[in-house]
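Right, one structure below, let's go through it.
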Amino acid sequence: HEVSSVQMPEVGERSKDTDNQDANRDLRPQQALFSGFKYLYALSIYFSVFMQKRCHLLLQGISQFCLIRPSVSNSFILLLLRMLFAAPIMWFVAKAIFKVDVVRDFQQLLLPSRRLLFWRVAFSALLQFASFAFIYVALGILNPGLAVTLFFIFPTVTVLMAWLLFGDRPSNDRWIVIGVIYLGIMLTYNIFGVNKPDTWGVIAAMLSGIAFAGYIITSQACFKQLNPVSFTSINFAIILLLCLGTLPFTLSEVALSGA
């Protein structure tokens with residue numbers, strides 16, 4: 001009994017040490033993630049403050065060697081070229097790497113019992129096509145940095161859509177973040193200044209973000225009934241068909257930078 005009474009505190013101390021080690025081990029990923037965020041934040045400040053002028057000069061030098069001028073028609077051509085490359089690659093990756101039979105999944109979408117899912121996938125592809133088209137139009141009108149900044153309203157629109165459609169009300173912290181984001185957008189638009197960016201370019205960039213938020217919501221609903229790899233492959237194929245549909249309206253207006 002005396003031996004057991006002496007040894008029991010040692011076992012308790014060992015268990016405490018084990019718990020502390022487990023707690024420290026659990027905190028290591030969080031600390032590493034926090035450190036990563038600090039480094040990324042510091043790098044973003046460096047590139048935005050110290051590298052802004054150098055990047056601007058670099059872009060000016062690159063623009064002298066561009067093959068096509070920034071315009072709405074050329075934006076659609078660039079989107080077509082992108083999908084001509086992305087759609088076949090996605091189908092190949094789905095078959096060779098993920099071992100997913102996209103053709104079989106697409107044939108199942110055509111069944112009467114899954115017709116509603118097919119229209120959801122098609123509507124999702126239409127939203128993504130609209131998002132791509134609007135952002136390319138905005139890039140042809142606005143400064144790329146401004147266009148991309150306005151496009152990134154889509155997380156806030158996604159939160160608001162989730163509240164409207166699924167009743168997922170944002171928390172107070174999210175409302176504060178949403179308010180800060182839209183305040184930054186107003187400052188980016190230079191709402192209190194005289195020299196404002198092109199209004200149509202701003203509208204196109206924001207519509208791109210709204211369409212992309214709709215795509216995220218609809219794709220999440222489709223993922224419950226369709227393999228995400230098959231969904232993405234079919235999505236890209238539909239976007240490619242939509243791009244080919246715009247070709248007769250945009251090909252005649254394509255202009256090279258030297259023309």
Side-chain angles (χ1 to χ4, degrees), residues 29-30 32-45 47-48 79 86 116-139 141-192 196-236 238-239 242:
Q30 299 178 2
L33 183 62
F34 182 69
S35 300
F37 277 125
K38 288 195 297 184
Y39 287 127
L40 287 176
Y41 184 69
L43 284 174
S44 64
I45 294 176
F47 280 107
S48 62
L79 177 57
L116 180 60
L117 178 60
F118 170 77
W119 289 115
R120 287 178 181 174
V121 173
F123 182 65
S124 176
L126 180 62
L127 288 174
Q128 191 175 19
F129 168 77
S131 177
F132 287 159
F134 280 127
I135 192 60
Y136 278 118
V137 170
L139 289 172
I141 298 174
L142 298 176
N143 183 302
L146 176 59
V148 174
T149 300
L150 295 173
F151 164 76
F152 271 93
I153 66 168
F154 77 85
T156 64
V157 180
T158 304
V159 171
L160 296 177
M161 283 185 177
W163 181 28
L164 179 63
L165 298 176
F166 307 115
D168 186 9
R169 189 179 187 278
S171 62
N172 294 331
D173 294 337
R174 288 187 177 183
W175 280 119
I176 295 174
V177 173
I178 291 173
V180 171
I181 290 175
Y182 283 104
L183 176 62
I185 289 173
M186 289 188 292
L187 295 176
T188 304
Y189 183 66
N190 197 16
I191 190 173
F192 301 110
K196 294 183 175 60
D198 188 276
T199 303
W200 291 111
V202 172
I203 293 174
M206 297 185 71
L207 286 177
S208 175
I210 295 172
F212 193 75
Y215 160 75
I216 292 176
I217 294 294
T218 53
S219 63
Q220 291 297 323
C222 294
F223 287 164
K224 299 178 181 178
Q225 306 177 49
L226 183 64
N227 189 303
V229 178
S230 296
F231 170 83
T232 306
S233 302
I234 297 171
N235 212 294
F236 279 14
I238 296 175
I239 295 173
L242 292 173

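Just so it is clear, the model here is predicted, and its values are computed rather than measured.
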Drop me the distance from Thr232's OG1 to Phe223's CZ, to the nearest 0.5 angstrom.
-> 5.0 Å

Can you tell me how far the CE atom of Met206 sits from the CZ atom of Phe152, to the nearest 0.5 Å?
-> 14.5 Å

Over 60° means perpendicular and under 30° means parallel, so classify the ring planes of Tyr215 and Phe231, tilted if in between.
-> parallel

Can you tell me how far CD1 of Ile216 sits from OG of Ser124, rounded to the nearest 0.5 angstrom?
-> 10.0 Å

Value rounded to 0.5 Å, distance of SG in Cys222 from CZ in Phe123 | 10.5 Å

Nearest heavy atoms of Leu139 and Ala147, plus distance in Å = CD2-CB, 3.8 Å

Which heavy-atom pair separates Leu146 from Pro197 by the least distance, and what is that distance?
-> CD2-CB, 3.5 Å

Could you list the donor-acceptor pairs under 3.5 angstrom formed by side chains in residues 127-134, with sequence neighbours left out?
| residue | atom | partner | partner atom | Å |
| --- | --- | --- | --- | --- |
| Ser131 | OG | Ser208 | O | 3.0 |
| Ser131 | OG | Ser208 | OG | 3.3 |

Between Gly209 and Phe154, which heavy-atom pair has the shortest distance, and what is it?
-> O-CB, 3.1 Å

Indicate yes or no: at least one non-hydrogen side-chain atom of Val202 is less than 4.5 angstrom from one of Asp198.
-> no

Kindly write out the residues that satisfy side chain to side chain donor-acceptor pair (under 3.5 Å) with Thr149, not counting sequence neighbours, or none if the list is empty.
-> none

Which pair of non-hydrogen atoms, one from Ala204 and one from Val137, has the smallest distance, and what is that distance?
-> CB-CG1, 4.2 Å

Heavy-atom pair with the smallest gap, counting every atom of Arg169 and Trp163 | CA-CD1, 3.4 Å

Determine the minimum heavy-atom distance between Ile239 and Ala125, stating which atoms define it.
-> CG1-O, 3.6 Å

Roughly how far apart are Leu160 CG and Asp168 CG, rounded to 0.5 Å?
-> 11.0 Å

Partners passing side chain to side chain contact (heavy atoms under 4.5 Å, CB included) against Thr156 (at least two apart in sequence or in another chain) | Ile153, Ile178, Ile181, Tyr182

